[in-house]
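Structure first, then comments.
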Amino acid sequence: MTATVTEDQVFAAFCAAGLWPGLGKRAAAELPAAGITTPDDVTADRLLKLPRVGRQRAERLFSSFLSAQPAYEVVGLLVGAGLEAKLAAGVADALGHDAARRLRDDPWTLLALPGVSLGDADRLAIAILPGADRQDSRRGRAIVAQTLRTATRDGHTVLPADLVVAALRAEGITDPAAAVVAAVEGGEVLEHAPPFDPEAEDDEPDPVDGSGQGSLASVRAEGGPGSFQLSLARYGMAEEAVAENVQRLMATAEPIADPVSVRSVSKGLDQAQAAAVGQILTAGVSLLTGGPGTGKSRTVAAVVQLLRKKGAEVALAAPTGRAAKRLEELTDHPAVTVHRLLGAQGTTGGFSRNEEWPLDADVVVVDEASMLDVELTAALLEACPDGTHLLLVGDPAQLPSIGPGHVLGDLIDSAAVPVTELTTLYRQAEGGAIARLATAVRGGDLPPVDSPDREVVVVPASGSGEAARRVVQLVTDSIPRALGIQPSSVQVVTPVHRGPAGTIELNKALKAQLNPGDGTVFGFDVGDRVVATANHLDLEPIGFANGEVGVVTGTGDGSLTVDFSSGPVTVTGNALPDLRHGWAITVHRAQGSEWPGVVVVLPPEAGGMLSRPLVYTALTRAQQHLSIVHASGAALARAVREVDVRPRRTRLARLLAEAVEEG
DNA sequence: TTCTCAGT
């Protein structure tokens with residue numbers, strides 16, 4: 001390892017890493033020629049010597065250099081430790097102005113950044129703190145937080161303390177209990193007492209007296225079933241906020257409409273749907289669940305209609321732009337993303353609507369609520385003033401939220417709020433093979449497919465290469481020929497992007513057959529199917545939402561015309577990079593959309609991520625025909641059979657149930 | 001291994 005690093009090296013690394021705002025790569029390379037190789041050389045006069053730099057730009061570059069000082073200091077530390085200067089941008093973002101000081105105080109805070117390994121943090125520590133020790137309590141504390149952060153990626157909001165202890169031991173920490181206590185005292189991590197178990201021999205729970213001694217003892221004892229749980233403070237607090245605020249809304253709600261007016265809008269609804277309407281208008285928080293085609297949206301439309309008639313203020317929202325757009329179309333009432341509703345502030349993560357400036361709706365309806373993570377739900381609930389009625393609509397059998405938490409499932413499990421489950425299928429023929437298979441999978445069964453009319457076809461494949469060839473064959477030949485469903489009405493859905501049966505390769509193969517061309521305009525040709533990968537709801541005349549699938553119908557000067565199902569959109573400028581080829585899309589992105597024909601690919605490399613919700617979500621995208629290209633072997637049946645192959649560890653259901661008992 | 005959302 002290099003013991004000393006010169007100022008020139010730090011400066012060069014800083015410039016090359018793109019940390020100087022406004023300084024391009026080209027200009028960065030020209031700095032030495034202008035006599036600028038250290039920070040002291042940076043003056044407006046010298047910057048003026050750069051090609052294509054005038055007085056005004058020179059002054060601006062000078063002041064932006066000064067404002068980048070925090071990042072510069074961090075680069076010095078990183079480069080000195082042999083780490084990549086590029087990390088500095090993230091460090092400055094995460095740790096703020098005094099990032100360098102904070103790293104000097106505790107080099108292991110580096111571990112909080114994405115893509116940083118414990119080895120990287122250790123290297124920084126050795127460079128900064130001569131004689132740094134693996135047993136340093138700051139190191140242990142960072143590993144505790146890191147362990148919890150990693151679990152977060154699988155959706156967990158808490159971990160049993162003994163799992164964290166095991167992770168600490170695996171990193172060579174000799175006193176894991178001390179590390180846990182240090183993490184808790186640092187405020188980044190919370191400890192939660194084990195659930196009270198009336199059958200336990202010892203009715204006295206461990207004393208938690210703020211000294212940390214109770215938990216320390218339990219950690220030393222290494223858990224067992226009654227072990228303490230640990231959470232990152234942000235998620236632990238978010239779950240508590242959800243539980244408290246659900247209880248608050250339940251306690252403060254007053255009925256909005258009388259039974260007579262409920263009946264007046266319930267004409268086209270079945271009994272369960274009408275009951276749901278009544279419940280929404282009575283309870284502070286209520287849930288409406290059910291699979292695709294059971295009439296959730298119809299019910300919401302009826303509620304909106306009734307509330308509008310009564311002059312009540314209704315706010316409609318959904319976790320994704322596309323779901324919001326669809327909700328708006330179905331109800332004929334404005335709908336926005338939950339983030340928009342709450343006035344999200346950007347990367348800082350704050351919301352302008354909160355307790356101080358709450359929403360002013362009488363009723364808030366959130367569709368696709370299975371996609372709500374704990375933090376967003378907490379923010380939503382906190383922004384609902386006393387007396388607001390909140391309705392969450394969703395299907396707990398579909399994919400869970402990307403962010404941590406299991407909000408919809410926990411709300412259902414807790415029995416803390418009324419739930420109406422719609423079960424009668426209206427969209428598909430009830431006896432149809434797709435509906436039968438979907439219902440079976442929802443219940444954890446994978447029966448052999450019996451579909452002589454070929455509504456469902458299973459195509460076995462021995463590997464992902466063969467699977468990919470089968471997909472192309474199905475879309476371009478078999479499905480149109482045997483079933484009369486044109487390729488334009490067929491959507492390919494796969495769990496992954498990468499690999500021979502991922503979206504990238506499948507799209508290449510499908511384009512070659514369906515719309516060959518060089519992609520001369522921004523990588524696309526007229527006739528290409530595209531999918532949006534971000535929201536651009538402000539484009540003319542209507543904009544598009546992430547996940548929408550459309551077809552390129554024309555190209556202009558710096559623009560593409562794309563026909564989405566909601567209408568043609570002229571796509572220009574910064575919206576162009578947010579389009580990709582869309583013949584094949586991921587299951588995640590397909591959530592919330594349906595097509596006449598769907599080809600689901602299950603390649604072997606997706607075996608680890610297969611789960612009942614993923615399979616269920618994939619196959620319920622099909623309206624008339626479903627082909628399943630099956631190359632994942634026994635993993636499929638296992639994924640469907642087990643309640644959840646990868647259950648999320650959360651605390652919300654218990655918190656809600658406790659809140660109800662106490663209230 | 002999936003990748004929602006937001007502003008400048």
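Per chain, numbering begins at 1; letters A, B, ... match sequence-line order. Not measured: the values here are computed from a predicted model.
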Checklist entry - So does Gln398(A) have more than 12 non-hydrogen atoms from other groups sitting under 6.0 Å from CD? => result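 Yes, the 6.0 Å shell around CD holds more than 12 heavy atoms from other groups.
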
Item to check | Qualifying side chain to side chain donor-acceptor pair (under 3.5 Å) pairs, either residue in residues 500-509 of chain A, two or more places apart | outcome: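 Sorted result for residues 500-509 of chain A: His497(A)-Thr503(A), Glu505(A)-Lys508(A).
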
Would you kindly give the [atom1]-to-[atom2] distance between [X] and [N], to the nearest whole Å?
| X | N | atom1 | atom2 | answer |
| --- | --- | --- | --- | --- |
| Ile402(A) | dT1(B) | CD1 | P | 15 Å |
| Asp373(A) | dC3(B) | CG | P | 16 Å |
| Leu602(A) | dT2(B) | CG | C1' | 14 Å |
| Gln345(A) | dT8(B) | CD | C1' | 13 Å |
| Tyr616(A) | dT2(B) | OH | P | 24 Å |
| Asn535(A) | dC5(B) | CG | C1' | 8 Å |
| Asn354(A) | dA6(B) | CG | C1' | 16 Å |
| Leu341(A) | dT4(B) | CG | C1' | 16 Å |

Checklist entry - Tell me, which of residues 316-326 of chain A have any heavy atom that sits under 4.0 Å from an atom in DNA chain B? => result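 Nucleic-acid contacts, sorted: Pro319(A), Thr320(A), Gly321(A).
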
Examine [N]: is either OP1 or OP2 under 4.0 Å from a nitrogen or oxygen in the side chain of [X]? Give yes or no.
| X | N | value |
| --- | --- | --- |
| His497(A) | dC3(B) | yes |
| Arg153(A) | dT2(B) | no |
| Thr337(A) | dT4(B) | no |

Item to check | Comparing Pro495(A) and Asn574(A) on DNA chain B - which has the more 5′ nearest nucleotide | outcome: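 Here Pro495(A) is the residue nearer the 5' end.
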
Item to check | Toward the 5' end of DNA chain B, by each residue's nearest nucleotide, Arg340(A) or Asp154(A) | outcome: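 Comparing both residues, the 5'-ward one is Asp154(A).
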
Checklist entry - What's the spacing between Glu375(A) CD and Phe351(A) CZ if we round to 0.5 Å? => result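 The CD atom of Glu375(A) sits 8.5 Å away from the CZ atom of Phe351(A).
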
Next on the checklist: Nearest 0.5 angstrom please: Leu232(A) CG to Leu148(A) CG, how far?
Outcome noted: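 It comes to 5.0 Å.
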
Item to check | Closest to side chain of Met609(A), choosing from dC5(B), dC3(B), dT1(B) | outcome: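 Closest nucleotide among those given: dT1(B).
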
Next on the checklist: Restricting to ring-ring contact (aromatic ring centres under 6.0 Å, His included), what partner residues turn up for Trp20(A), sequence neighbours left out?
Outcome noted: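 Checked Trp20(A) against ring-ring contact (aromatic ring centres under 6.0 Å, His included); matches are Phe65(A).
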
Item to check | Pair Tyr235(A) and His156(A), ring centroids less than 6.0 Å apart | outcome: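 Ring centres of His156(A) and Tyr235(A) not closer than 6.0 Å.
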
Checklist entry - Should Lys325(A) and Glu329(A) count as an ion pair when the cut-off is N to O under 4.0 Å? => result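 Between Glu329(A) and Lys325(A) there is no salt bridge, as every charged N stays at least 4.0 Å from the carboxylate O atoms.
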
